[in-house]
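First the structure, in the form of structure tokens, and then the observations on it.
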Amino acid sequence: MNFVNSDLDKNITFVRPAYFIISGFSGIPNIKYYYVFLFLLFIVSVMGNTVVMVIICLDQKLRAPKYIAVFNLAFTDLFGSSALLPKVLDIFLFDHPYISYNDCLAFLFFYYTLFYMQPLNLVALSYDRTIAIIFPLHYHAKVTHRFMFFLIGFFWFFSITVTLTLVCLLTRHSYCNSVVINSYFCDYGQIYRLACDDITPSFIFSALLTVLILWLPLVFIVFTYIYIGFTLTKVATVHERVKAFKTCTAHLSLVAIFFLPLLIVATLTGVMHPHARMINLSLTSAFPPSLNPVIYVLQTKEIKESVKKLFKIRSQSKIAVRI
């Protein structure tokens, strides 16, 4: 099959293919079992994040600014997994590797917008924990509903803006070499490398976004916890330190789940097999949306109490109906 763009000989400024071919998981042995696993992760993500969002909406006690960020995290995870996993399963499980040029850019826009919101949500929660532990008396003055809505809104604006910039950069390229994307989705890095013109602006912007969206948030989060730990050693007893850090376990778990696979890929890029790298990156996109709601339900006292309360009310209503 000839994957070279047929529009090359046309006298036009930009050569745009009619379609791309996504070939990322092709050739991996027994990969269909992995697709089943991804489907299960998708189901868990949809159910878990929906439950968290419903609980926050129904329980008046969960209307604190912190839970605005938690709700936004669940919302981002729900629609992020919905934008990625069903399409990935359709492409590979049902053998539909061809995706039109416009559909691919739309797929890329929704995936990256929601993916970029994940580390930014973790930054918002990190700031909340820092103020709650270091400045508990000023918490309600510093972390208000208005401030949290503004912060989350700014993060959405930033994420949408930079992703639109990615899409615009891709539309400025001519694709005259190949239309095969060696990834499991419409990967920005893989797409601009297919271009036959100057890709320097796309490469520079991609590297800049990696720093701004991934590594800078990670540095901020690590710094906040170093600051928390240093401050607690000066003013708190051992019991108070343990109690303070217990309030951070859910957030720290989310940070580890999101960033550790990325750090592994970044560290082992030169020695990791391409198939292993592909699966690791796909798990980075699929695991956090599935595990985040489970972690918050199990490790956040207020949400656990709300879940127990809702189940208690439901069980009492069933008993009343039977009587």
Side-chain angles (χ1 to χ4, degrees), residues 37-38 41 44-45 48-49 52 66 69-70 72-81 83-85 111-130 132-133 151-152 154-156 158-159 162-163 166 183-185 187-189 206-230 245-272 276-300:
F37 178 65
L38 289 180
L41 288 181
V44 172
S45 174
N49 287 294
V52 171
K66 169 187 175 181
V70 174
N72 188 64
L73 178 65
F75 176 87
T76 302
D77 287 341
L78 173 62
F79 286 94
S81 58
L84 176 68
L85 295 180
Y111 170 79
Y112 277 102
T113 298
L114 295 160
F115 178 77
Y116 288 157
M117 280 301 300
Q118 290 189 11
L120 297 178
N121 282 327
L122 295 176
V123 167
L125 290 168
S126 178
Y127 176 80
D128 173 86
R129 289 299 83 204
T130 302
I133 295 172
L151 185 63
I152 296 299
F154 172 76
F155 285 158
W156 274 108
F158 177 75
S159 182
V162 296
T163 309
L166 292 181
S183 184
Y184 59 94
F185 71 109
D187 189 333
Y188 173 74
S206 176
L208 179 63
L209 278 186
T210 301
V211 174
L212 289 177
I213 299 291
L214 295 178
W215 305 128
L216 192 60
L218 179 59
V219 169
F220 175 83
I221 292 169
V222 171
F223 175 79
T224 58
Y225 278 105
I226 292 175
Y227 180 51
I228 289 172
F230 177 77
F245 269 105
K246 278 186 177 180
T247 66
C248 303
T249 54
H251 180 253
L252 285 171
S253 300
L254 303 185
V255 171
I257 289 169
F258 181 78
F259 282 104
L260 278 180
L262 294 175
L263 291 173
I264 291 171
V265 172
T267 304
L268 303 177
T269 297
V271 298
M272 185 177 288
R277 183 178 182 275
M278 193 85 61
I279 290 177
N280 189 290
L281 287 175
S282 64
L283 288 176
T284 303
S285 301
F287 253 130
S290 305
L291 295 181
N292 288 353
V294 177
I295 289 171
Y296 257 102
V297 169
L298 294 179
Q299 296 190 9
T300 304

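Counting begins at 1 with the first residue of the sequence. In this text the structure is predicted, and so the values were computed from the model without any measurement.
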What heavy-atom pair brings [X] and [Y] nearest, and what distance separates the two atoms?
| X | Y | answer |
| --- | --- | --- |
| Pro288 | Asp77 | O-OD2, 4.1 Å |
| His251 | Ile221 | CE1-CG2, 4.1 Å |
| Pro119 | Ile213 | CG-O, 3.2 Å |
| Thr76 | Leu114 | CG2-O, 3.2 Å |
| Leu41 | Phe287 | CD2-CE2, 4.1 Å |
| Ser159 | Thr113 | OG-O, 2.7 Å |

side-chain hydrogen bond (donor to acceptor under 3.5 Å, both in side chains) involving [X] - partner list, sequence neighbours excluded:
| X | result |
| --- | --- |
| Ser282 | Tyr34 |
| Asn72 | Asn121, Trp156 |
| Tyr112 | Asp187 |
| Ser290 | none |

At what distance, to the nearest 0.5 angstrom, does [atom1] of [X] lie from [atom2] of [Y]?
| X | Y | atom1 | atom2 | result |
| --- | --- | --- | --- | --- |
| Leu262 | Thr284 | CG | OG1 | 5.0 Å |
| Leu212 | Tyr116 | CG | OH | 10.0 Å |
| Asn49 | Ser81 | CG | OG | 6.5 Å |
| Tyr111 | Leu85 | OH | CG | 9.5 Å |
| Phe223 | Ile228 | CZ | CD1 | 10.5 Å |
| Asn292 | Ser45 | CG | OG | 8.5 Å |

Under the ring-ring contact (aromatic ring centres under 6.0 Å, His included) test, residues paired with Tyr127 that sit two or more places apart: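 Counting only residues at least two positions away or on another chain, Tyr127 forms a ring-ring contact (aromatic ring centres under 6.0 Å, His included) with Phe147.
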What residues, two or more places apart in sequence or in another chain, satisfy side chain to side chain contact (heavy atoms under 4.5 Å, CB included) together with [X]?
| X | value |
| --- | --- |
| Ala256 | Leu260 |
| Ala250 | Ile295, Tyr296, Gln299, Thr300 |
| Phe220 | Val123, Ser126, Thr224 |
| Leu120 | Met117, Phe155, Phe158 |

Would you indicate whether the side-chain heavy atoms of [Y] and [X] approach each other to under 4.5 Å?
| X | Y | answer |
| --- | --- | --- |
| Ser285 | Phe185 | no |
| Leu209 | Tyr188 | no |
| Val162 | Leu166 | no |
| Cys248 | Ile133 | yes |
| Leu263 | Trp215 | yes |
| Leu73 | Leu254 | yes |

Worked verdict on Phe258 versus Phe115 for ring-ring contact (aromatic ring centres under 6.0 Å, His included): CA-CA 10 Å; Phe258 181 78; Phe115 178 77; 5.6 Å; yes
